There are 2 protein chains.
Amino acid sequence: MTFTTSRGALTRGTLAKRAGCHIETVRYYEKIGLLAPPARSPGGHRLYREADQRRLRFILRGRELGFPIEELRSLLSMVDEHAYTCGDIQAMTLTHLTSVRDRIRDLQRLERTLSTISDRCTGGQVPDCPIIDEMLGAPA
Amino acid sequence: MTFTTSRGALTRGTLAKRAGCHIETVRYYEKIGLLAPPARSPGGHRLYREADQRRLRFILRGRELGFPIEELRSLLSMVDEHAYTCGDIQAMTLTHLTSVRDRIRDLQRLERTLSTISDRCTGGQVPDCPIIDEMLGAPA
DNA sequence: CTTGAACCTGTAGTCGCTACAGATGCGACC
DNA sequence: GGTCGCATCTGTAGCGACTACAGGTTCAAG
């Protein structure tokens, strides 16, 4: 079992498992400066604390919400310095929400197009296909 | 005016403009083997024909429909060899359609989460924010 | 003290382009 | 035929957000 070391520190693998990400993601976030370089064991292994786990969870939760890394970097520094207002965060979120809605609309248009053209197919062994014809010729 | 050369060949820039893509995309598609290496002028400039324009349009239309490059490679070789049935193409399209629908569902979930949490904001100069609290604590 | 998993480092690959630098070609005009 | 300026040529690096690998070391359990 790999849990914690003698003084309660977490290894990289354990941190990743607990926070719910790939082990290499932890190292990646350190490299790009989202996670601070942690303490090391005498042999050079990273040793994390509970605070690191909370910070990583924050980042991962932000990613799940679709925030890009650079926005998370801003969010983290605002939180670190307690320098934010609800209005600031809400504005960032609403901007982000707009882009999510745009993406949904784009995909819905695509969905309609794809279902329309595939509905026109007869299927089976027929050596002609309206999808190919559509791609060869006029746009749908 | 840059249209066609003496024998009706298209330059790379003209081809890109006519087909509707970035000039560098043409070279990229050649590099990855979607477009065949075209004839060259004595000085080494690419010279394209109408058939190249049709092929490029096919690829771009496929990209607009969201097909990944590798699927377009398959589609192109099937079309080149007249070796496809409507059923084959329809199956590819339906698989692709499913993944588009999955992505829509994921984004809709995200949209609901983001609008729910931003609705809880009071906004303005308030130094606490439910969005941040959410990211620091329990998942929404 | 041995064993095997976990970790260390740096780097390359993913996808689909786009951008750049530095050199050369092309065609229009004079 | 000379000059001008745009277009094109080549190879390579960068984007975003990781993930995978190679080749070596450390850790901890038995």
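Just the heavy atoms: all of them, side chains too, but no hydrogens, waters or symmetry mates, feed the values below. Keep in mind that what you see is a predicted model, and the values were worked out from it rather than measured.
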For this session: Establish whether the base of C/dG25 is bridged to the side chain of B/Arg40 by a donor-acceptor pair shorter than 3.5 Å.
Result: no
For this session: May I ask you to evaluate whether B/Tyr29 reaches the phosphate of C/dG16, defined as a side-chain N or O under 4.0 Å from OP1 or OP2?
Result: no
Exercise. Between atom CG in A/Leu65 and atom C1' in D/dA17, what is the gap in whole Å?
Worked result: 16 Å
For this session: Give the rounded distance in Å between these two atoms: NZ of A/Lys31 and C1' of C/dC8.
Result: 15 Å
Exercise. Looking at C/dC26, D/dT10, D/dC18, which one has an atom nearest to any side-chain atom of B/His45?
Worked result: C/dC26
Exercise. Without hydrogens or angle criteria, can the side chains of B/Thr85 and B/Asp88 be said to hold a donor-acceptor pair below 3.5 Å?
Worked result: yes
Problem set entry | Over 12 non-hydrogen atoms of neighbours within 6.0 angstrom of CZ in B/Arg49 | no
For this session: Using a 4.0 Å heavy-atom cut-off across all strands, classify A/Ile32 as base, sugar-phosphate, or nothing.
Result: nothing
Exercise. If only side-chain N and O atoms of A/Thr25 are considered, is one of them under 4.0 Å from the OP1 or OP2 phosphate oxygen of D/dC18?
Worked result: no
Exercise. Considering only side-chain heavy atoms of B/Arg12, which listed nucleotide, D/dT8, C/dC26, D/dC18, is closest?
Worked result: D/dT8
Exercise. Which part of the nucleic acid does A/Arg46 contact within heavy-atom distance under 4.0 Å: base, sugar-phosphate only, or nothing?
Worked result: sugar-phosphate
Exercise. A/Ile23 has an atom CD1; how far is it from atom C1' of C/dC8, in whole Å?
Worked result: 10 Å
Exercise. Side chain of A/Ile69: nearest nucleotide among C/dG16, D/dA20, D/dA17?
Worked result: D/dA17
For this session: Measure the distance from CD on B/Glu71 to P on C/dC15 and round it to the nearest whole Å.
Result: 12 Å
For this session: Send over the distance from B/Glu64 CD to C/dG16 C1', rounded to a whole Å.
Result: 15 Å
Exercise. So what does A/Arg63 hit on the nucleic acid, given a heavy-atom distance under 4.0 Å: a base, only sugar-phosphate, or nothing?
Worked result: sugar-phosphate
Problem set entry | Length of the CG-C1' vector between B/Leu72 and C/dC15, whole Å | 13 Å
Problem set entry | Interatomic distance where OH belongs to A/Tyr28 and C1' belongs to C/dG13 [whole Å] | 14 Å
Exercise. Do side-chain atoms of B/His45 reach the backbone of B/Arg12 as a donor and acceptor pair under 3.5 angstrom?
Worked result: no
Exercise. More 5' along DNA chain D: A/Pro42 or A/Leu60, using each one's nearest nucleotide?
Worked result: A/Leu60
Exercise. Is any side-chain N or O of A/His22 closer than 4.0 Å to OP1 or OP2 of D/dA17?
Worked result: no
For this session: Could you tell me whether A/Asp106 and A/Arg109 make a salt bridge, using a distance below 4.0 angstrom between a side-chain N and a carboxylate O?
Result: yes
Seminar exercise, completed: Contacts of B/Gly43 and B/Cys21 projected onto DNA chain C by closest heavy atom; the upstream (5') one is B/Cys21
For this session: Return the value, rounded to whole Å, for the distance between atom CG of B/Leu34 and atom P of C/dC17.
Result: 9 Å
Exercise. Cut-off 3.5 Å, side chains only: do B/Thr14 and B/Thr11 have a donor facing an acceptor?
Worked result: yes
Exercise. Can you name the nearest heavy-atom pair linking B/Leu35 to B/Asp52, along with the distance?
Worked result: CD2-O, 4.4 Å
Exercise. Side-chain N or O of B/Ser41 less than 4.0 angstrom from OP1 or OP2 on C/dG25?
Worked result: no
For this session: Pick base, sugar-phosphate or nothing for A/Phe67, based on heavy-atom distances below 4.0 Å to the nucleic acid.
Result: nothing
For this session: Compare the minimum distances between each of C/dT18, D/dT8, C/dC8 and the side chain of B/Glu24, then state the nucleotide with the smallest one.
Result: C/dT18
